[in-house]
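All chains are named by letter (A, B, ...) in the order of the sequence lines, taking the proteins before the strands, and each is independently numbered beginning at 1. On a predicted model such as this, the values are computed, not experimentally measured, just so you know.
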Number of protein chains: 4
Amino acid sequence: MPPRKAAKNAELREDSIQRLSQAAFQLIVMKGYHATTLQEIAEAVGMTKGAIFFYFTSKERLLLHLLDIAEDHIVNSLAAHLTSAEGTALDKIVAYFHFGSWHGIERPYELLCLIQISIEFRHRSDAIGKRIVAIYNRIYRVLEEIIEAGRMRGELPKDLPTREIASTVVATHDGMMLEYHRREIDGEKLVRVVRTVFLQGLGLKPRPKPIRRAR
Amino acid sequence: MPPRKAAKNAELREDSIQRLSQAAFQLIVMKGYHATTLQEIAEAVGMTKGAIFFYFTSKERLLLHLLDIAEDHIVNSLAAHLTSAEGTALDKIVAYFHFGSWHGIERPYELLCLIQISIEFRHRSDAIGKRIVAIYNRIYRVLEEIIEAGRMRGELPKDLPTREIASTVVATHDGMMLEYHRREIDGEKLVRVVRTVFLQGLGLKPRPKPIRRAR
Amino acid sequence: MPPRKAAKNAELREDSIQRLSQAAFQLIVMKGYHATTLQEIAEAVGMTKGAIFFYFTSKERLLLHLLDIAEDHIVNSLAAHLTSAEGTALDKIVAYFHFGSWHGIERPYELLCLIQISIEFRHRSDAIGKRIVAIYNRIYRVLEEIIEAGRMRGELPKDLPTREIASTVVATHDGMMLEYHRREIDGEKLVRVVRTVFLQGLGLKPRPKPIRRAR
Amino acid sequence: MPPRKAAKNAELREDSIQRLSQAAFQLIVMKGYHATTLQEIAEAVGMTKGAIFFYFTSKERLLLHLLDIAEDHIVNSLAAHLTSAEGTALDKIVAYFHFGSWHGIERPYELLCLIQISIEFRHRSDAIGKRIVAIYNRIYRVLEEIIEAGRMRGELPKDLPTREIASTVVATHDGMMLEYHRREIDGEKLVRVVRTVFLQGLGLKPRPKPIRRAR
DNA sequence: CATGAATGAGAGTTCATTCAT
DNA sequence: AATGAATGAACTCTCATTCAT
């Protein structure tokens, strides 16, 4: 039964890659890429270091594989969700937070891994640096399109620049995810606060008078 | 003049420590703590690796020293600014963003170093992990006091929990700082967007006028 | 028909061994034994690493097998050629160069493999070291017998020691083969030069040419 | 006394580099480059692996350093010896053998290292492959110039091509050196045989006059 | 027969750290 | 006060080898 055998092997292979990837996601999110050793990853799935090199040719390639997965799972479905026709820009931005937080809770590691790597490789121009930048650029693009469209329809304040709004959304989102992992925090509450803030600001609204100048 | 000489030596010592610290701040912010080698730090100030051990007993102690500096410069003055009697909670939160961004632009490295370390050592319980948690806890405490006080005075929505508001503020602030460093972004614009969002939300509110119905 | 099947299997087995050996010869000659991996050898014949262990119990045994082949093909036929009764010692030495060069051109890998291994394992006393020494000793013995016989018949200068003449022949021959592979060189020209040198030296002698008959 | 100290350190450095290089020369000649580990080299001089990286940034760089030394000591002085005005081409070729054998006996490792590396890296185009080819090309060039000049003066047979004569000289020389190391052989006798062969061939010629003294 | 998964010993390399000077 | 030499532990990576299928 060669087909069965082949199938079994393929399964095994997929399973091993899967387990190694999951372990790597977790460890990288917990300790960072540089502080995570292949030894730890291997041990986490009950293999030896050498096994990693059977599936990935280097530590860097393993990480690139994780980025592929994360991009696929997160950015792709994000784009799919947010580029649909319906909904206002604000709806979509809120959806972005919800989406992220959903991932952050159900599948936290892929999302956090992207954030972690974007921080660790912020200023590097090697393969990983380029890859993570490309991934983030996709996110920025999706958001900026939403914002532009919203602005056209008058759903957003005209005096706030697109690029900086997108950055604010990403910054808040990533910061929120990190914060969620930094403290033991009620994720749902956190999202609710962020959503509220983004929708209404923190100000008590029926505002008595126009301009309260800060500072 | 042994005293004079001693004085001179002390000065020299301070100067060396100062220069090493600055270099370390920059490199850690750019590359992360784990990816920064003592070699690089030493070279950046024209010394050799060995010299660092004359001033700091280990790489870890060097980092702890940086954390001391950063706490002193940032958290202390932050607390001083924000615990003053005047101003509403919102004013102070806005000031928090401004304060951070000011530091982020004038003396970016100390602030970013705190953020970087809080991410790299998020889940560690060694000396550094404990230290960075302690520093962040001070920040949370300051913010939560402000928020509580504001809530008492009715300046903040009652349905948003203090802890999560503080987390949102910190998350947004840290995310914003990282974002500022991740992209080439106009820092002032970014702050303005964040401030606006926090104050008013992104929603187009029934601004005072529109309501005026025709006729 | 189990016998037929068995026969077929045996054939297949021989064929696989044959192909692996050829690939190994080539790769070892090109890169050296240590720098050649079983992976490469397997790939060169479209197998996997593991398959090699079905035919050879170790990399070392594979090499020993190659040495067997090379000894069989080269040293045996060399001995057969050179120990025949006819011809002077000089004829036979020339034949040695020709023989070598013939192998070197038609079947270069076996011969070069011997040379390569004799260099890589010169100073080792493991199985391979002993084997290659034994093979070379056979060659020396054949040559020394020829030389001794020639000396008896007065065909060779008396003042040159047998052992060193044999070494010179081997040295020149091996050096020539390596050189032939090191540069892009016209093999036939090279052999001609070597033969001429060995027969007449490089000195311009009042050559016996006199044969030119008068008139 | 900073100068003394500096001097001492410089001495120490030179000494360590020297010792490491010598050990590396020997081991590479005995076992080949690939089969020699940095561990062994370090142990041979009573250091640890790490020390090697203090002086050389990689195993490859260490080898390149050895090649520099060897080129300097051998090829340079070879060129100096052989490009002098006096002497016939034959004298110089004989001198080449003598020179080589002198090096081979007094400082055998540098010369043998060149030969060894030329064999191990014959077919590679990395930094080492290029380096060793460049070194050999210098040798060929020197020899070919000598041969050409000799041919002009009628000192060499006209029917033998320059390139192949040079190759024969190099091949014989290298082969001789390897042979010298392969067997326990009387080096002087070996050189004498080679010299005689090159001058007169192995044929018993009606020697015109007894002694044409080489050198 | 042959594969592909996995191992484990050991290689080259990095880097914080020590220490004599 | 500072250097440069050297260490040693830990890392990434390689490769011959084993084995279930």
Side-chain angles (χ1 to χ4, degrees), chain A residues 1-2 4-6 8-10 12-13 15-17 34-40 42 46-62, chain B residues 8-9 12-13 15-16 34-42 46-62, chain C residues 8-9 12-13 16 34-42 46-62, chain D residues 1-2 4-6 8-10 12-13 15-17 34-42 46-62:
Chain A
M1 292 119 193
R4 163 147 303 168
K5 181 173 143 196
K8 262 222 174 133
N9 261 345
L12 189 54
R13 179 182 186 85
D15 182 59
S16 291
I17 290 181
H34 288 98
T36 297
T37 70
L38 295 177
Q39 179 97 270
E40 290 170 315
M47 291 181 184
T48 59
K49 269 187 302 184
I52 297 181
F53 288 89
F54 180 70
Y55 293 109
F56 308 99
T57 48
S58 70
K59 193 186 180 190
E60 188 183 49
R61 298 296 281 229
L62 167 54
Chain B
K8 257 211 177 142
N9 275 348
L12 224 67
R13 180 181 183 83
D15 183 57
S16 290
H34 288 96
T36 298
T37 69
L38 293 180
Q39 177 95 278
E40 291 170 313
I41 297 173
M47 291 182 185
T48 58
K49 253 194 307 187
I52 294 182
F53 287 86
F54 185 75
Y55 298 107
F56 306 99
T57 48
S58 71
K59 192 185 181 189
E60 188 183 50
R61 299 298 283 220
L62 166 55
Chain C
K8 257 211 178 140
N9 275 349
L12 224 66
R13 178 181 185 83
S16 291
H34 287 98
T36 298
T37 69
L38 293 179
Q39 177 96 278
E40 292 171 311
I41 296 173
M47 293 182 185
T48 59
K49 251 195 309 189
I52 294 182
F53 287 86
F54 184 75
Y55 298 106
F56 305 99
T57 49
S58 71
K59 193 187 180 189
E60 189 183 48
R61 299 298 284 220
L62 166 54
Chain D
M1 292 125 191
R4 164 147 303 169
K5 182 173 144 197
K8 262 223 174 130
N9 262 346
L12 188 55
R13 181 183 183 84
D15 183 59
S16 291
I17 290 181
H34 287 99
T36 299
T37 72
L38 295 178
Q39 180 96 270
E40 291 171 315
I41 296 174
M47 292 181 183
T48 59
K49 264 190 305 183
I52 296 182
F53 288 88
F54 180 69
Y55 293 109
F56 308 99
T57 47
S58 71
K59 191 186 181 190
E60 188 184 48
R61 298 296 280 227
L62 167 54

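Protein atom CZ of B:F54 is 11 Å distant from nucleotide atom P of F:dT3, rounded to whole Å. The nearest whole Å value for the distance from the CZ atom in D:F56 to the C1' atom in F:dA5 is 14 Å. If you measure from atom CD of A:Q39 to atom C1' of F:dT12, you get 11 Å, rounded to the nearest angstrom. Rounded to an integer number of Å, the gap from NZ of A:K59 to P of F:dC11 is 9 Å. A:H34 has its NE2 atom 13 Å from the C1' atom of F:dT12, to the nearest Å. Rounded to a whole Å, the NZ atom of B:K49 is 11 Å from the C1' atom of F:dT7. In this structure, D:Y55 atom OH and F:dA6 atom C1' are separated by 8 Å, rounded to whole Å. Atom CD1 in A:I17 sits roughly 14 Å away from atom P in E:dG4 (whole-Å rounding).
Between A:R13 and E:dA5 there is a side-chain N or O to OP1 or OP2 distance below 4.0 Å. Contact check, D:S16 against F:dA6: a side-chain N or O comes under 4.0 Å of OP1 or OP2.
If B:A35 and A:G50 are placed on DNA chain E by their nearest nucleotide, the residue sitting closer to the 5' end is A:G50.
Taking only side-chain atoms of D:F53, from C-beta outward, the nucleotide of E:dT13, F:dT17, F:dT14 with the closest atom is E:dT13. Proximity note for C:T37 (side chain, C-beta onward) versus F:dT7, E:dG4, F:dA16: the nearest is F:dA16. Closest to the side chain of D:M47, out of E:dT14, F:dC13, F:dT7, is F:dT7. Distances from the side chain of C:L38 to the nucleotides F:dG8, F:dA16, F:dG4 place F:dA16 closest.
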